[in-house]
**Student:** 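What follows is a structure written as structure tokens; I'll ask about it next.
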Amino acid sequence: LAESRVPASSGMCLPFSLLSPSFFQSCAVEVDVKDTSNATCLYAKWMMRFLIKYETNNSDYKNATLNLSSSVTHNGSICGNDTQAALLAVQFGEGHSWSINFTKTNETYQGDFITFTYNTNDTAVFPDAKRRGPITIVVKDTMRPVQLNNVFVCHNTDSFEAENVTQIFWNVTVQAFVENGTIGKKESRCRADTPTSAPTVPPTVANVTTASTTTLSPAPTTAPKPVENPDTGNYSLKSGNKTCLLATVGLQLNVSQDKPLLININPKTTSADGTCGNTTATLKLNDGNSTLISFTFVVKNTSASIQKFYLKEVNVTLLNRLNGSVISNADNSNFSKWDAFLGSSYMCRKEQTLDINENLQLHTFNLWIQPFLVKANKFSTAEECFADSDLNFLIPIAVGMALGFLIILVFISYIIGRRKSRTGYQSV
């Protein structure tokens, strides 16, 4: 048995500006779980935020941001042992809760599953939710094994996406299965933290605004194009052992608020996630936990026997690498682009522009997408966009016109030669 308590210094909310009229709160949570002898057995201090996409009463979708409130409880946390997993659990707001369990071997411990429950009865966050009540999602933690007696530290942002929820974490310090009540002095860092990483600065109004302005100054109006186009990335999703979605694309964001800002998405640091279905598919791209982009495709019936797919929705979230704050979140669910017959793919090598909202555009390059009915891990026959098909159509026309012009020149030369020959014959 064990009891858990939060030290008096924890749970303090630190408000900060996110370069928008919206005002967000962020709370650092500190939990110190004690065993029966009042010795620390599980310790954690971290910050987190949740981005949730929910269906409204009008059957459309909205995005909500859920932050920890100042009143955080911690019922149910347990120490764990060789046969029982340790559990770190917190409750906050109007019926929301979050927990992670830790398992151990003889030498290491690691996070196992994260369980998050949000309550759409919280009308301050979900004012017009169609579905009411608690909704629970479970995510497999990607934390690498940590040596026993070491403390796990991750200053940079990390995130998990599942079932329309993005969980964002930063400034994480945690140690499970603490021995003799003493927190370890050796640190195991996450992949995102490097020896050259800038030191973490607690988010306050002053320093976060400054950091945000330097790292990601928004920008409005027409931004100058960079010299180089973004690199093209190859992405895929699987359902079981079968590939169910293929995408090849170069992506560039144009953020517009105060100053021009162009962001090229780096395929080398971008991971792909999402879901496949018979009539709906979603591709989610995460570029280093600083840019989250999701594409939603749907199938439509153009006639009784003909079906086509098209891009319906794009969502873009920009995060501050330093503290995980949301710099910009934009969504457009009214697209009707990139359509092709079901069973084929869509291709457009030319640059295309998707207007997410008045402050954000997404440029695509060398696009090739197939969100449904992928066979043998290969793209099916492509339907090309107008820009490409027009180019393919104009090339043979241009060649034909050049050949025609050449024939005319030869014919004119022949006529002139015949006339000269006839004139010379008559003069003799």
**Student:** Apply salt bridge (Lys or Arg N to Asp or Glu O under 4.0 Å) to Lys62 and list each qualifying residue two or more places apart in sequence or on a separate chain.
**Tutor:**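 By the salt bridge (Lys or Arg N to Asp or Glu O under 4.0 Å) rule, Lys62 matches Asp128.
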**Student:** Can you run down the salt bridge (Lys or Arg N to Asp or Glu O under 4.0 Å) pairs that involve residues 360-372, sequence neighbours left out, and say none if there aren't any?
**Tutor:**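 Qualifying pairs, neighbours excluded: none.
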**Student:** Taking only residues at least two apart or on different chains, which pairs with a member in residues 82-91 satisfy salt bridge (Lys or Arg N to Asp or Glu O under 4.0 Å)?
**Tutor:**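 Those involving residues 82-91 are Asp82-Lys104.
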**Student:** Once side chain to side chain donor-acceptor pair (under 3.5 Å) is applied, do any residues pair with Asn119, and if so which ones, sequence neighbours excluded?
**Tutor:**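 With sequence neighbours excluded, Asn119 shows a side chain to side chain donor-acceptor pair (under 3.5 Å) to Asn121, given in chain and number order.
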**Student:** Which pairs, with at least one residue in residues 162-187 and sequence neighbours excluded, count as a salt bridge (Lys or Arg N to Asp or Glu O under 4.0 Å)?
**Tutor:**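 Every pair satisfying salt bridge (Lys or Arg N to Asp or Glu O under 4.0 Å) with a residue in residues 162-187: Glu187-Arg189.
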**Student:** Using 30° and 60° as the class limits, which term best fits the ring planes of Phe50 and Phe116: parallel, tilted or perpendicular?
**Tutor:**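 Rings of Phe50 and Phe116: parallel, under 30°.
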**Student:** List for me each residue that meets side chain to side chain donor-acceptor pair (under 3.5 Å) alongside Lys284, sequence neighbours excluded, and say none if there are none.
**Tutor:**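 Applying side chain to side chain donor-acceptor pair (under 3.5 Å) to Lys284 gives none.
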**Student:** Go through the structure and list residues passing ring pair (Phe, Tyr, Trp, His ring centres under 6.0 Å) with Phe372, not counting sequence neighbours.
**Tutor:**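 If we apply the ring pair (Phe, Tyr, Trp, His ring centres under 6.0 Å) test to Phe372, skipping adjacent residues, there are no hits.
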**Student:** Please collect all salt bridge (Lys or Arg N to Asp or Glu O under 4.0 Å) contacts where either partner lies in residues 293-319, sequence neighbours excluded, each pair once.
**Tutor:**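 Those involving residues 293-319 are Lys53-Glu313, Lys308-Asp339.
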**Student:** For Asp273, give me all partners under salt bridge (Lys or Arg N to Asp or Glu O under 4.0 Å), at least two apart in sequence or on another chain.
**Tutor:**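 With neighbours one apart ignored, the set is empty.
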**Student:** Parallel, tilted or perpendicular: which fits the ring planes of Trp46 and Trp98, with parallel below 30° and perpendicular above 60°?
**Tutor:**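 Tilted.
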**Student:** For Gln91, what residues pass the side chain to side chain donor-acceptor pair (under 3.5 Å) criterion, not counting sequence neighbours?
**Tutor:**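 Counting only residues at least two positions away or on another chain, Gln91 forms a side chain to side chain donor-acceptor pair (under 3.5 Å) with Thr73.
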**Student:** Just to verify, what does Ser305 make a side chain to side chain donor-acceptor pair (under 3.5 Å) with, not counting sequence neighbours?
**Tutor:**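 Listed in chain order: nothing, the list is empty.
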**Student:** Write out all pairs satisfying ring pair (Phe, Tyr, Trp, His ring centres under 6.0 Å) with one or both partners inside residues 124-146, taking only residues at least two apart or from two chains.
**Tutor:**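 Qualifying pairs, neighbours excluded: Tyr54-Phe126, Tyr118-Phe126.
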